[in-house]
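Structure record follows, encoded as structure tokens.
Values below: all heavy atoms of this structure, side chains included; hydrogens, waters and symmetry mates excluded. Source: prediction; values computed, not measured. Quick note: residue numbers are just sequence positions, from 1.
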Amino acid sequence: MTPNLRGSLYMTASMAGFAAEDSFLKAASQSIPVGEAILIMGLIGIAVFAALAMRAGDPPIPRAMFTGTMALRSGFEITGRLFYALAIALTPISVASAILQATPLVVVLGAAVIFGKTVGLKRWLLILLGFIGVLIILRPGPSGFSALSLLALVAMLGFAGRDLATRAAPPALSNAQLGVTGFIMLTLSGVIITVVTGKAVLPTPPTLGLIAGAAAFGIAAYAALTTAMRSGEIAVVTPFRYTRLLFAMVLGVTVFGEHPDTATLTGAAIIVACGVIILGQNRRIS
């Protein structure tokens, strides 16, 4: 098996895992407040990644985490995780996932603005077209717009900022240590939502099972994503991120009875097409 094929398979498995994680979390949030659900899930993730770090002989929270870059990354991580958790709990999972697919486009835009990367006219037009796809999903206007859709939009911006900040993260940090940081941010997101809403209930065993399922799929997906990014060429592997949208829509229809409308499907197709073309250009240049 070639590295690129291995990386592509792991990326696809990772996206399936994240879609399953979203579904378990959405199901759990129907029984308990979403803030409480992601708080518990975050604690499970911290425990698992801390154990993995210590098993490798690394401190779960090293000094390298306390830098300006990591603080910025953590701020974006909280924003992304907090608002995406709210989005999948309060809006159709297919819509939230479709908007999230614009993240690579924002990363390309941010790389040009922040890191001075060269972006040609064709890429600028593709980025603009991708954002038009987002607007088609959001449907601004009195008839079709839902303010709750902005939750996924803010989450997408948070995850894009996290990805950009990760480029400047200390290379000494292991994947397990970054996992600890990520789930700490998830836990803090749960705390923030719980404090703001003031709602908390005693979860039943079935609900705890759903949260445990979300944590298990989330941890496995993170591990698969890490393996994917280290196995093949980034420009080859990254387009398989878009399979998450397919998995999310299938789960949305089969599990939650969602029916994505024409606008959602059209906007999602535009976003994915623009992202794949841009990544294909990156591959040819590299």
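Annotation: side chain of Ile78 is in contact with side chain of Ile192 (closest heavy-atom distance under 4.5 Å). Under the 4.5 Å side-chain criterion, counting only non-hydrogen atoms from C-beta, Phe240 is not in contact with Met15. Using a 4.5 Å heavy-atom cutoff, the side chains of Thr181 and Glu77 are not in contact. You'll find the side chain of Phe131 reaches within 4.5 Å of the side chain of Leu109, heavy atoms only. Thr264 places none of its side-chain heavy atoms less than 4.5 Å from the side chain of Pro92. Within the 4.5 Å cutoff, no side-chain heavy atoms of Leu251 are placed close to those of Glu258. Between Gln177 and Pro60, the closest side-chain pair of non-hydrogen atoms is not below 4.5 Å. Side-chain atoms of Arg162 and Met185, non-hydrogen and from C-beta on, never get closer than 4.5 Å to each other.
Across all their heavy atoms, Cys274 and Leu105 have their closest contact at C-CD2, 4.2 Å. Residues Thr91 and Ser149 approach most closely at CG2-N, 4.4 Å, considering heavy atoms. Summarising the geometry of Ile211 relative to Ala28, their closest heavy-atom pair is CG1-CB, 3.9 Å, with the distance given to 0.1 Å. The heavy-atom pair separating Arg81 from Gly182 by the smallest distance is NE-O, 3.3 Å. Taking every heavy atom of both residues into account, Val253 and Pro260 meet most closely at CG2-CD, 3.9 Å. The nearest pair of heavy atoms linking Ala89 to Val34 is CB-CG2, 3.7 Å.
In this structure, the side chain of Ser29 engages the main chain of Lys26 through a donor-acceptor pair within 3.5 Å. Side-chain N or O atoms of Thr187 include one that pairs as donor or acceptor with a backbone N or O of Phe183 at under 3.5 Å. No donor-acceptor pair under 3.5 Å is formed between the side chain of Ser14 and the backbone N or O of Tyr10.
The CD1 atom of Ile184 lies 11.5 Å from the OG atom of Ser189; values are rounded to the nearest 0.5 Å. Taken from CD1 in Ile88 to CZ in Phe256, the straight-line distance is 8.5 Å, to the nearest 0.5 Å. Rounding to the nearest 0.5 Å places CD1 of Ile136 at 11.5 Å from CG of Leu265. The line from CD1 of Ile99 to CG of Leu245 is 11.0 Å long, rounded to the nearest 0.5 Å. Distance check, rounded to the nearest 0.5 Å: CG of Leu225 to CZ of Arg241 gives 5.0 Å. We find the CG-CD1 distance between Leu153 and Ile137 to be 10.5 Å, quoted to the nearest 0.5 Å.
If you look at Phe76 and Phe159, their ring centroids are not closer than 6.0 Å. Here the two rings, on Tyr222 and Phe18, have centers that are 6.0 Å apart or farther.
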Using side-chain contact (heavy atoms from CB on, under 4.5 Å), reason through Leu151 and Leu90 one step at a time and then give a plain yes or no. CA-CA 9 Å; Leu151 294 171; Leu90 302 176; 4.1 Å; yes
Might you work through the side-chain contact (heavy atoms from CB on, under 4.5 Å) test for Arg244 and Ser97, ending with a clear yes or no? CA-CA 8 Å; Arg244 179 172 182 168; Ser97 183; 4.1 Å; yes
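Partners of Thr204 under the side chain to side chain donor-acceptor pair (under 3.5 Å) rule, at least two apart in sequence or in another chain, are Thr207. Tyr84 pairs by the side chain to side chain donor-acceptor pair (under 3.5 Å) definition with Asp22, not counting sequence neighbours. In this structure Glu36 satisfies the salt bridge (charged side-chain N to carboxylate O under 4.0 Å, His left out) test with no other residue, sequence neighbours excluded.
Note on Phe24: it does not cluster hydrophobically with Ile193, by side-chain heavy-atom contacts below 4.5 Å among ILVMFWY residues. When the side chains of ILVMFWY residues are joined at heavy-atom separations under 4.5 Å, either directly or via intervening members, Ile44 and Leu202 end up in two distinct hydrophobic clusters. A single hydrophobic cluster is seen to contain both Val154 and Leu25, as judged by linkage of ILVMFWY side chains at heavy-atom distances under 4.5 Å, directly or through other members. Grouping the Ile, Leu, Val, Met, Phe, Trp and Tyr side chains by contacts below 4.5 angstrom, directly or via other members, places Leu148 with Phe83. Under the 4.5 Å side-chain heavy-atom criterion for grouping Ile, Leu, Val, Met, Phe, Trp and Tyr, Val255 is not connected to Val250 through any hydrophobic cluster.
Residue Val134 forms a side chain to side chain contact (heavy atoms under 4.5 Å, CB included) with just one option from Ile271, Val106, Ile270, and that option is Ile271.
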